[in-house]
There are 2 protein chains.
Amino acid sequence: MPAPDTSSAAHLIAACGGRVTRTRIAVLEILQDSPRSLNHDDVAARLAADGMPHDRVTLYRTLDWLVEQGLAHRIIGPDRARRFKAGGEPRSQHAHFHCDRCGHVLCLESIRPDEQFTLPAGYQPERAELVFHGTCADCGRQRGAKV
Amino acid sequence: MPAPDTSSAAHLIAACGGRVTRTRIAVLEILQDSPRSLNHDDVAARLAADGMPHDRVTLYRTLDWLVEQGLAHRIIGPDRARRFKAGGEPRSQHAHFHCDRCGHVLCLESIRPDEQFTLPAGYQPERAELVFHGTCADCGRQRGAKV
DNA sequence: ACGGTTAATGCTACAATGTTGCATTAACCG
DNA sequence: CGGTTAATGCAACATTGTAGCATTAACCGT
Ligand SMILES: [Mn+2]
Ligand SMILES: [Mn+2]
Ligand SMILES: [Zn+2]
Ligand SMILES: [Zn+2]
């Protein structure tokens, strides 16, 4: 009997009290395996590659559920499409970087927008979203290459 | 002959080299008259109130054109709908505040997200978007009122 | 003021993204 | 293993935004 991996997808899902289904496990593992955030199409493509059956609506609901449970977090890109990444935002709000060249959205865990600004009187902020736009490190290296 | 008001909507539009049409004038004046940002439906409703004929697509193109010309700026809310406000972003990127209670999006001209953070090596940011979420000053005053 | 040129508009159809309702399946529990 | 019900699959719909193309009207020169 292997030691129980308390950080495995199935284990995390079970800890939320929800049912541990093939779809939830597969989707969460896909998010965990990806260094960058993924939109619905990205996840669907990976599910298909794994030979997993998948319904468009179920995927929406699964991703929303993972966010609700704090197992993933979501950010809305300038293409008005949601992108997802494993790991919640317990109290650690972090900035994101949207590369205009390759379209990828990366997490900048080191940058915390909260507690950095003082708002005008009366405003009661609960969270802050900070998104940079420009050229990512990868695309900056091979400059001129039109990804 | 009245002194030429160089900040009037018609004058600003003419200065861009584009044709000065009823729609462009009306839309820009609507944006100029509003203290908060407006989405397409907001603008359409005001056009209708003014008895102006308006087509959905024309409104999209008009607003996009105003942004292109630097006469308005756009921000994408968490409801993935674009909101517009008069005035461009010449070099003055400013933060925005999205009220979770009333849904309004306000400009925080005093807060400039750029030149505030140092990104990891390799990243080349060109602009930064900073959006706070919470309760706005108006909604904070009449707390408990469920707008 | 008039007519020609063409940018801007109106209209239709379409695309992308996300939601709702409901019947069916399968995860869990005893 | 069988019953309960959360999760899924499916179809239809909603919202937001685009593309193509015929028509209108803003502008310019006369
Ligand atoms: Mn992130
Ligand atoms: Mn603004
Ligand atoms: Zn890139
Ligand atoms: Zn408010």
Side-chain angles (χ1 to χ4, degrees), chain A residues 8-30 37-45 47-48 50-69 71-72 74-84 98 103 105, chain B residues 8-30 37-45 47-48 50-69 71-72 74-84 98 103 105:
Chain A
S8 77
H11 202 99
L12 287 170
I13 291 166
C16 292
R19 291 187 180 174
V20 183
T21 68
R22 284 202 319 152
T23 302
R24 285 180 177 168
I25 296 173
V27 170
L28 182 50
E29 285 179 343
I30 285 170
S37 60
L38 305 175
N39 61 22
H40 274 81
D41 276 346
D42 295 330
V43 178
L47 280 176
D50 295 354
M52 283 276 307
H54 58 285
D55 173 71
R56 228 167 54 87
V57 178
T58 299
L59 183 49
Y60 274 106
R61 290 196 273 230
T62 300
L63 286 166
D64 287 346
W65 185 86
L66 291 175
V67 171
E68 275 173 29
Q69 303 304 318
L71 297 180
R74 162 175 48 197
I75 104 166
I76 299 185
D79 53 352
R80 78 183 223 287
R82 303 172 179 170
R83 291 168 178 275
F84 298 83
H98 180 103
V105 176
Chain B
S8 76
H11 202 99
L12 288 170
I13 290 166
C16 292
R19 291 188 180 174
V20 183
T21 68
R22 284 200 321 150
T23 303
R24 284 180 178 169
I25 296 174
V27 170
L28 182 52
E29 286 179 343
I30 285 171
S37 59
L38 304 175
N39 62 22
H40 273 80
D41 276 347
D42 294 332
V43 178
L47 280 177
D50 295 354
M52 283 276 306
H54 58 284
D55 172 71
R56 227 166 55 85
V57 177
T58 299
L59 182 49
Y60 274 104
R61 291 196 273 230
T62 300
L63 286 166
D64 287 346
W65 185 85
L66 291 174
V67 171
E68 275 173 29
Q69 303 304 318
L71 297 180
R74 162 173 47 196
I75 104 168
I76 300 186
D79 53 352
R80 78 184 225 288
R82 303 172 180 170
R83 289 166 179 278
F84 298 83
H98 180 104
V105 176

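Proteins get letters first, then strands, A, B, ... in listed order; numbering begins at 1 in each.
Judged purely by atom type and a 3.5 angstrom limit, Arg74(B) has no side-chain atom pairing as donor or acceptor with the backbone of Val67(B). At least one donor-acceptor pair under 3.5 Å links the side chain of Asp42(A) to the backbone N or O of Asn39(A). The closest donor-acceptor contact from the side chain of Ser37(A) to the backbone of Phe84(A) lies at 3.5 Å or more, if one exists at all. A donor-acceptor contact shorter than 3.5 Å is absent between the side chain of Arg83(B) and the backbone of Val105(B).
Within the 4.0 Å cut-off from OP1 or OP2 of dT16(D), not a single side-chain nitrogen or oxygen of His40(B) is found. Taking only side-chain nitrogens and oxygens, Arg80(B) never comes nearer than 4.0 Å to OP1 or OP2 of dA14(D). Look at Arg82(B) and you won't find any side-chain N or O under 4.0 angstrom from OP1 or OP2 of dT16(D).
At whole-Å resolution of the value, CE in Met52(A) and C1' in dA26(C) are 13 Å apart. Rounded to whole Å, the distance from CZ on Phe84(B) to P on dT16(D) is 12 Å. Look at CG on Asp64(A): it is 9 Å from P on dG18(C), rounded to the nearest Å. Between Ile76(A) atom CD1 and dG17(D) atom P the separation is 12 Å, expressed in whole Å. Between Tyr60(B) atom OH and dT9(C) atom C1' the separation is 17 Å, expressed in whole Å. One can place CG of Asp41(A) at 12 Å from C1' of dG18(C), the figure rounded to the nearest angstrom.
The heavy-atom pair separating Ile25(A) from Ala9(A) by the smallest distance is O-CB, 4.0 Å. Across every non-hydrogen atom of Ala26(A) and Met52(A), the tightest pair is CB-CE, 3.9 Å.
Between Arg82(B) and Asp64(B) there is a salt bridge, since at least one side-chain N of the basic residue sits less than 4.0 Å from a carboxylate O of the acidic one.
One cannot find a donor-acceptor pair under 3.5 Å joining the base of dG10(C) and the side-chain atoms of Arg56(B).
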Contact state string [nucleotides 3-11 of chain D, B base, S sugar-phosphate only, - no protein heavy atom under 4.0 Å]: --BBSSBBB
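When both pairing distances are held under 3.5 Å, dC28(C) makes a Watson-Crick or G-U pair with dG3(D).
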